[in-house]
Amino acid sequence: MYHQVKEFLKQKLGSGYFKILKSNYLFLKSLPYGSNLNKLAEIYQCDKWGAHFYTPHYQSHFRKLKYKKIKLLEIGVGGFHHPNIGGSSLRMWKRYFPFGKIYALDIYDKSFVQEKRIRIFQGSQVDKKVLDNMMAKIGEPDIIIDDGSHINEHVIKTFQILFPKLKDGGIYVIEDTQTSYWPGYGGNSENLADPETMMNFFKNLTDGLNHQEFILPNYTPSYFDKNIRSIHFYHNLIFIFKGVNDEPSNVDVTDPESVEADEIRVI
């Protein structure tokens with residue numbers, strides 16, 4: 001019945017007017033729940049809640065940004081190759097961030113999703129030229145969410161290109177990390193130390209949080225060592241927080257006696 005009414009209204013009003021009508025209807029329906037991402041996901045039919053369990057983590061980490069004039073970029077619009085499906089999460093983000101600008105990239109043409117405060121780009125998430133051109137138009141995002149191909153190699157390469165373009169103090173999110181264990185996506189369940197998987201790539205970055213403690217006189221900190229302040233791992237979800245990581249060690253790691261003395265105090 002719902003789909004019949006939907007198609008009837010589309011035919012009578014035209015797709016443009018129907019889109020406006022639907023947007024206004026969902027906005028009114030969501031009025032009591034503007035700060036509740038679980039409910040907004042349900043209203044906008046976004047699978048970040050229900051099929052997945054991401055929205056509580058998003059709300060925990062994004063709450064402080066809710067009323068800021070943020071820029072959010074999401075890799076992946078949804079709907080795969082179907083020309084008229086997708087955009088649920090973008091509409092949810094638009095509703096949650098009332099002053100935010102929402103951007104997205106998809107390999108398929110998803111321009112039909114565009115509306116006020118939502119802009120869509122088309123291209124591959126691992127095409128550096130596409131990403132560079134897109135970022136030149138967007139500027140520095142406050143939030144980047146990778147909900148794209150979920151192919152391990154793609155996730156890693158996209159992060160390597162886009163994280164340096166994230167605003168200082170920004171948040172980079174990786175969704176659906178279960179593919180780190182699925183061979184069809186370049187994952188590996190048998191060798192959990194496989195360096196080609198996204199989980200191991202991001203787990204290895206955690207050592208960089210403590211690079212000031214390395215007893216390696218000739219060690220040169222990487223960009224990620226110097227610009228990641230924290231990493232949060234959840235079930236199928238990773239949050240990487242960007243910021244200057246320059247807290248000094250409380251011991252002189254170049255002085256063996258200092259390290260030994262510190263170990264003695266601990267014992």
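More than 12 heavy atoms of other shown residues, nucleotides or ligands fall within 6.0 angstrom of atom CZ in Phe62.
Under 4.0 Å is where a charged nitrogen must lie from a carboxylate oxygen, and between Asp132 and Lys165 at least one such pair does.
For the residue pair Asn245 / Gln212, no side-chain donor-acceptor distance below 3.5 Å is found, with atom types taken as modelled. Glu74 and Ser89 share a side-chain donor-acceptor pair at under 3.5 Å. Side-chain polar atoms of Asn38 and Tyr54 form no donor-acceptor pair below 3.5 angstrom.
Between the side chain of Asn152 and the main chain of Thr179, a donor-acceptor pair closer than 3.5 Å is present. With Glu175 contributing its side chain and Leu237 its backbone, the two residues share no donor-acceptor pair below 3.5 Å.
Both tests do not hold together for Lys68 against Phe99: distance to the six-membered ring centre under 6.0 Å, angle to the ring axis within 45°.
The other members of the hydrophobic cluster of Phe53, by chain and number, are Trp49 (side-chain heavy atoms under 4.5 Å, ILVMFWY only).
Residues satisfying the salt bridge (Lys or Arg N to Asp or Glu O under 4.0 Å) criterion with Lys39, sequence neighbours excluded, are Glu42. Listed by chain and residue number, nothing satisfies the side chain to side chain contact (heavy atoms under 4.5 Å, CB included) test with Lys64 (two or more places apart in sequence, or in another chain). The side chain to side chain contact (heavy atoms under 4.5 Å, CB included) test applied to Lys137 returns Arg119, Phe121, not counting sequence neighbours. Remark: Arg63 pairs with Gln59, Tyr96 by the side chain to side chain contact (heavy atoms under 4.5 Å, CB included) rule, at least two apart or across chains.
Among residue pairs with one or both ends in residues 201-211, none qualify as side chain to side chain donor-acceptor pair (under 3.5 Å); sequence neighbours excluded.
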